[in-house]
J.: 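The structure's right below; bear with me while I get my questions together.
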Amino acid sequence: MGDGAPAAAVMGQLRSSLATLLLAGFSPARALELLDRFATQVAGARVSTAACVHLDPESGELTYSRAGHPPPLRLDEGTATYLEAGHGPALGVSPAGRRPETVTTLPTGATLLLYTDGLVERRGATLDDGLARLATVATSHRSAPLPALLDEVLADLVVGGADDDIAVVALRRLPEALHLDLPAQPQQLRRLRAVVQHWAEEAALAPPASRTCSWPSARRRPTPSSTPTATPTHPAA
């Protein structure tokens, strides 16, 4: 669909329409089927690509469908897996056709990376080369905070400027908030640190316990009860 401001304007219309369809309760595949029809009515929208993903944050159930778009990348346990299923033609190519949809799981602490083809396509290199580079870089930094992960991906794959517009989105599934009720006793601090360390590692928010970690100092807040509640706050993904 091109690049620059005209392409961005078209993509804005498609994105708003897709968001409306999802808010109305349509599944990713059905939403893309309806977006197909819309794309035939918008100048410059035909042959646009899209990836539509729905994540249940509690169960980790991930439902997705793709319209000519590169596969999302799932980072989990040091491995990188491209979600190749749920693939159909670009928008507006077959507006009356049915689209496939796939359901998988995003484990706690795993990261999902979505991106446009401009990130992995380069002159003189194959698409497989670009996808392999992305998987390697993303795996190396999978435990980094999401802003740092994206910075590393862009720094490695976008060298000397890009030939196309690039958009990259990363999301990480966090565990449920950690709540602990502990007696206000100094010996409980070791237990607190161990539990929080395990919680953070499960969410890929902290380095392994074998590395040197610096935890915030614990302060006791006066309460009517002798059993305060310690609620570590996890950073936003």
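Given the structure is predicted, the values throughout are model-derived calculations rather than measurements.
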J.: Who passes side-chain contact (heavy atoms from CB on, under 4.5 Å) against Ala9, sequence neighbours left out?
T.: none
J.: Using the rule given for side chain to side chain contact (heavy atoms under 4.5 Å, CB included), can you reason through Leu192 versus Leu182, listing the C-alpha separation, both sets of side-chain angles and the distance that settles it, and then say yes or no?
T.: CA-CA 8 Å; Leu192 173 62; Leu182 300 175; 3.9 Å; yes
J.: Under the side-chain hydrogen bond (donor to acceptor under 3.5 Å, both in side chains) test, which residues partner Asp129, sequence neighbours left out?
T.: Thr126
J.: Go through the steps to decide whether Val10 and Leu14 satisfy the test side chain to side chain contact (heavy atoms under 4.5 Å, CB included), and finish with yes or no.
T.: CA-CA 6 Å; Val10 171; Leu14 293 175; 4.2 Å; yes
J.: Whether the side chain of His69 engages the backbone of Tyr115 through a donor-acceptor N/O pair (distance < 3.5 Å, no angle test) should be reported.
T.: yes
J.: Check side-chain hydrogen bond (donor to acceptor under 3.5 Å, both in side chains) between Ser94 and all other residues, then give those that pass, not counting sequence neighbours.
T.: none
J.: Are the side chain of Arg74 and the backbone of Leu113 linked by a donor-acceptor contact shorter than 3.5 Å?
T.: no
J.: Would you check if the side chain of Ser65 reaches a backbone N or O of Pro28 as a donor-acceptor pair within less than 3.5 Å?
T.: no
J.: Whether the side chain of Thr104 engages the backbone of Leu62 through a donor-acceptor N/O pair (distance < 3.5 Å, no angle test) should be reported.
T.: no
J.: Check for a donor-acceptor pair, side chain of Ser48 on one end and backbone N or O of Ala45 on the other, with a separation under 3.5 Å.
T.: yes
J.: If we ignore angles and hydrogens, is there a donor and acceptor under 3.5 Å between the side chains of Ser27 and Glu101?
T.: yes
J.: Please report the shortest heavy-atom distance between Asp156 and Val159, naming the atom on each side.
T.: O-CG2, 3.4 Å
J.: May I ask you to decide if Ala167's main-chain N or O and Thr116's side chain share a donor-acceptor pair within less than 3.5 Å?
T.: yes
J.: Taking side-chain hydrogen bond (donor to acceptor under 3.5 Å, both in side chains) as the definition, give me every residue that meets it alongside Ser140, ordered by chain and number, with sequence neighbours left out.
T.: none
J.: Determine, stepwise, if the pair Val168 / Ile166 fulfils side chain to side chain contact (heavy atoms under 4.5 Å, CB included).
T.: CA-CA 7 Å; Val168 189; Ile166 294 175; 3.9 Å; yes
J.: Under the 3.5 angstrom rule, does the side chain of Arg173 hit a backbone N or O of Pro57 as a donor-acceptor pair?
T.: yes
J.: Applying side-chain hydrogen bond (donor to acceptor under 3.5 Å, both in side chains), can you list everything that pairs with Asp117, at least two apart in sequence or on another chain?
T.: none
J.: Within the side chain of Ser59, is there an N or O that forms a donor-acceptor pair under 3.5 Å with the backbone of Glu61?
T.: yes
J.: Under a 3.5 Å cutoff, is there a donor and acceptor pairing between the side chains of Thr111 and Arg172?
T.: yes
J.: Measure across Ala29 and Pro100 and return the closest heavy-atom pair with its distance rounded to 0.1 Å.
T.: CB-O, 3.8 Å
J.: So does Val42 get a backbone contact from the side chain of Arg46, meaning a donor-acceptor N/O pair under 3.5 Å?
T.: no
J.: Looking only at atom types and distance, does a side-chain atom of Tyr82 sit under 3.5 Å from a main-chain N or O of Leu131, one as donor and one as acceptor?
T.: yes
J.: Would you list the pairs meeting salt bridge (charged side-chain N to carboxylate O under 4.0 Å, His left out) in which at least one residue belongs to residues 24-44, sequence neighbours left out?
T.: Arg30-Glu33, Glu33-Arg98, Asp36-Arg99
